[in-house]
Amino acid sequence: MLRFYLLCFLWYSCSAVTNNISKEIMAHKIPITLTWIQFGFVSCFSMLYAQGLLNYGKIREPSRAVIGNTLPLGLFQIFGHYFTSTALAFVPVSFAHTIKALSPLFTVLAYRIFYQVRYSKQVYFSLLPLTSGVMLVCATNLKFHSVGFIFALASMFTFVSQNIVCKQLFKSHGDSVANQVKLDKLNLLFYPSTMAFVLMTPFWLYSEAHLVPKWFTYHTLFLFILNGISHFLQNVLAFTILSHVSPVTYSIASLVKRIFVITASILYFGDPVSFVQGSGISLTFFGLWLYNEARRDVGNKDHIQERKSSLPFVQS
């Protein structure tokens with residue numbers, strides 16, 4: 001349990017750095033550039049891991065099965081990160097994370113619709129104060145922008161879908177073919193990010209490459225480097241946590257991350273903290289206590305879902 005909390009804290013910290021710096025970079029309105037460079041950093045650092053510099057693992061030889069299982073996840077990440085970057089060009093970090101705070105509700109709803117999984121009323125009830133708390137945190141700084149809202153909502157839907165389907169890659173499969181395709185965390189970082197980087201390159205060359213002279217400074221370059229490093233670490237920690245918990249538990253951890261990121265952004269950008277925001281944080285942790293009470297039910301239901309799910313073993 002202590003290890004889980006430590007991983008979450010590191011994940012939250014890296015996410016806060018990534019989001020705040022992304023917001024600064026997006027002052028230049030270059031979402032494709034930001035997303036493309038982030039994928040490039042993940043791909044390069046994964047290669048360093050594969051060379052044994054950090055003794056993290058080994059990248060598998062590319063094959064039709066490996067590419068087929070990781071390409072969908074690469075597409076999820078392209079759209080998810082692009083939507084997030086674009087949203088940050090129009091709305092504050094707090095607003096974007098307000099929308100993403102709805103992800104646990106949509107995760108539970110997706111499992112109910114597609115896998116016929118029924119959770120107890122206590123589980124559903126625990127999600128309400130969690131989500132409401134984050135909404136309250138952001139309420140006093142809410143600056144609505146229709147374009148930013150649409151892209152933030154699209155990002156939330158994309159990552160909810162990614163997390164549910166990605167979970168299938170960490171399950172045990174009975175047949176030998178599935179076991180041969182099963183990938184570890186390093187390969188789940190390397191292949192989707194590398195393919196996303198390659199697929200985005202022509203779009204970047206066409207749409208934003210000519211803008212480089214307009215935004216390039218050594219300070220901006222430093223921001224891109226710091227953003228790329230924190231984004232890579234955020235990915236490593238997210239996959240590590242997701243591989244050990246259920247999608248609903250991961251969504252709850254993500255919800256707490258919203259609080260952390262919002263608080264960090266308030267401090268970083270010097271925004272005042274209101275009584276409503278403080279009340280929202282308290283309400284969120286009350287929801288966490290309720291969820292912990294329902295946690296055993298969540299674990300049992302996820303075990304049932306894993307046995308019942310007939311979702312194809314296609315990485316996303």
Side-chain angles (χ1 to χ4, degrees), residues 3-4 7 10-11 14-15 18 35-82 158-204 227-247 249-250 253-254 302 305-307 309-316:
R3 180 174 182 270
F4 172 74
L7 287 173
L10 294 175
W11 182 35
C14 290
S15 181
T18 300
T35 306
W36 180 66
I37 290 179
Q38 286 177 337
F39 286 135
F41 267 92
V42 173
S43 179
C44 290
F45 277 116
S46 296
M47 285 295 295
L48 292 177
Y49 270 45
Q51 296 300 319
L53 298 182
L54 295 173
N55 194 31
Y56 195 74
K58 181 179 180 180
I59 293 179
R60 294 182 53 170
E61 290 292 329
S63 66
R64 184 175 182 178
V66 171
I67 299 300
N69 276 271
T70 53
L71 179 58
L73 180 55
L75 294 175
F76 269 120
Q77 291 189 353
I78 287 175
F79 287 104
H81 288 293
Y82 171 73
T158 301
F159 284 120
V160 165
S161 301
Q162 171 191 285
N163 291 337
I164 292 175
V165 181
C166 178
K167 184 66 180 178
Q168 308 306 312
L169 294 178
F170 296 106
K171 297 194 309 178
S172 297
H173 293 266
D175 59 81
S176 59
V177 175
N179 286 328
Q180 291 174 4
V181 180
K182 191 173 177 65
L183 302 172
D184 59 17
K185 293 182 285 293
L186 177 62
N187 286 275
L188 286 173
L189 287 175
F190 174 74
Y191 276 104
S193 296
T194 300
M195 285 187 287
F197 180 79
V198 172
L199 290 173
M200 289 193 70
T201 297
F203 294 98
W204 177 77
N227 181 271
I229 294 173
S230 63
H231 177 71
F232 171 71
L233 294 176
Q234 177 184 340
N235 273 273
V236 171
L237 293 165
F239 272 106
T240 300
I241 294 171
L242 180 58
S243 65
H244 290 89
V245 299
S246 73
T249 301
Y250 178 84
S254 297
D302 281 337
Q305 178 276 325
E306 288 185 357
R307 292 182 299 174
S309 173
S310 58
L311 201 114
F313 188 61
V314 177
Q315 145 94 15
S316 64

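Note that this is a predicted model, so its numbers are computed, not measured.
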Trainee: Find out whether Leu233 and Leu10 are in side-chain contact, i.e. whether some heavy atom of one side chain is under 4.5 Å from a heavy atom of the other.
Mentor: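 They are not in side-chain contact.
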Trainee: Check the orientation of Phe159 and His81. Use parallel for under 30°, tilted for 30 to 60°, and perpendicular for over 60°.
Mentor: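 Ring orientation of Phe159 relative to His81: perpendicular.
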Trainee: Look up atom CD in Gln77 and atom CE in Met200, then write down how far apart they are to the nearest 0.5 Å.
Mentor: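 If we round to the nearest 0.5 Å, Gln77:CD and Met200:CE are 11.5 Å apart.
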Trainee: With rounding to the nearest 0.5 angstrom, report the OG1 to CZ distance, Thr35 to Phe203.
Mentor: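 If we round to the nearest 0.5 Å, Thr35:OG1 and Phe203:CZ are 13.0 Å apart.
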Trainee: I'd like to know if the side chain of Asn187 reaches the main chain of Ile59, judged simply by a donor and an acceptor atom lying under 3.5 Å from each other, with no hydrogens or angles considered.
Mentor: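 Between the backbone of Ile59 and the side chain of Asn187 there is no qualifying donor-acceptor contact (under 3.5 Å).
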Trainee: Could you check whether any side-chain heavy atom of Tyr191 comes within less than 4.5 Å of a side-chain heavy atom of Ser46, counting everything from C-beta outward?
Mentor: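 Sidechains of Ser46 and Tyr191: no contact.
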Trainee: Test your reading of the model: is there a side-chain donor-acceptor pair from Ser43 to the backbone of Phe39, 3.5 Å cut-off?
Mentor: no
Trainee: Ignoring hydrogens and geometry, is there a side-chain-to-backbone donor-acceptor pair from Ser230 to Asn227 under 3.5 Å?
Mentor: yes
Trainee: Do you know the tightest heavy-atom contact between Ala196 and Ile78?
Mentor: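 Shortest heavy-atom separation between Ala196 and Ile78 comes out as CB-CG1, 3.5 Å.
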Trainee: Check whether any side-chain heavy atom of Leu75 lies under 4.5 Å from a side-chain heavy atom of Leu199, and answer yes or no.
Mentor: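 A side-chain contact under 4.5 Å exists here.
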Trainee: Measuring only between side-chain heavy atoms, which start at C-beta, is Thr70 closer than 4.5 Å to Thr194?
Mentor: no
Trainee: Taking the side chain as everything from C-beta on, heavy atoms only, tell me whether Ile37 gets closer than 4.5 Å to His231.
Mentor: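 A side-chain contact under 4.5 Å is absent here.
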Trainee: Give a yes or no on whether the backbone of Cys14 and the side-chain of Thr18 come within a donor-acceptor separation of less than 3.5 Å.
Mentor: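 Yes, because the side chain of Thr18 sits within donor-acceptor range (under 3.5 Å) of the backbone of Cys14.
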Trainee: Which pair of heavy atoms, one from Ser161 and one from Phe76, lies closest together, and at what distance?
Mentor: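 Ser161 and Phe76 have their closest heavy atoms at CB-CE2, 3.5 Å.
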Trainee: Determine whether Ile229 and Phe45 make a side-chain contact, defined as any pair of heavy atoms from C-beta on separated by less than 4.5 Å.
Mentor: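 Ile229 reaches Phe45 side chain to side chain.
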Trainee: Taking the side chain as every heavy atom from C-beta outward, state whether Phe4 and Val245 have any atom pair closer than 4.5 Å.
Mentor: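 Heavy-atom side-chain distance check passes, below 4.5 Å.
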Trainee: Taking the side chain as every heavy atom from C-beta outward, state whether Gln38 and Asn235 have any pair of such atoms under 4.5 Å apart.
Mentor: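 They are not in contact (no side-chain heavy atoms under 4.5 Å apart), so the answer is no.
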Trainee: For Trp11 and Leu237, which heavy atoms make the closest approach, and how far apart are they?
Mentor: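 Smallest heavy-atom distance, with atoms named: N-CD1, 3.4 Å.
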Trainee: To check you understand the geometry: which heavy-atom pair defines the closest contact between Phe232 and Val42, and what is its length?
Mentor: CD1-CA, 3.8 Å
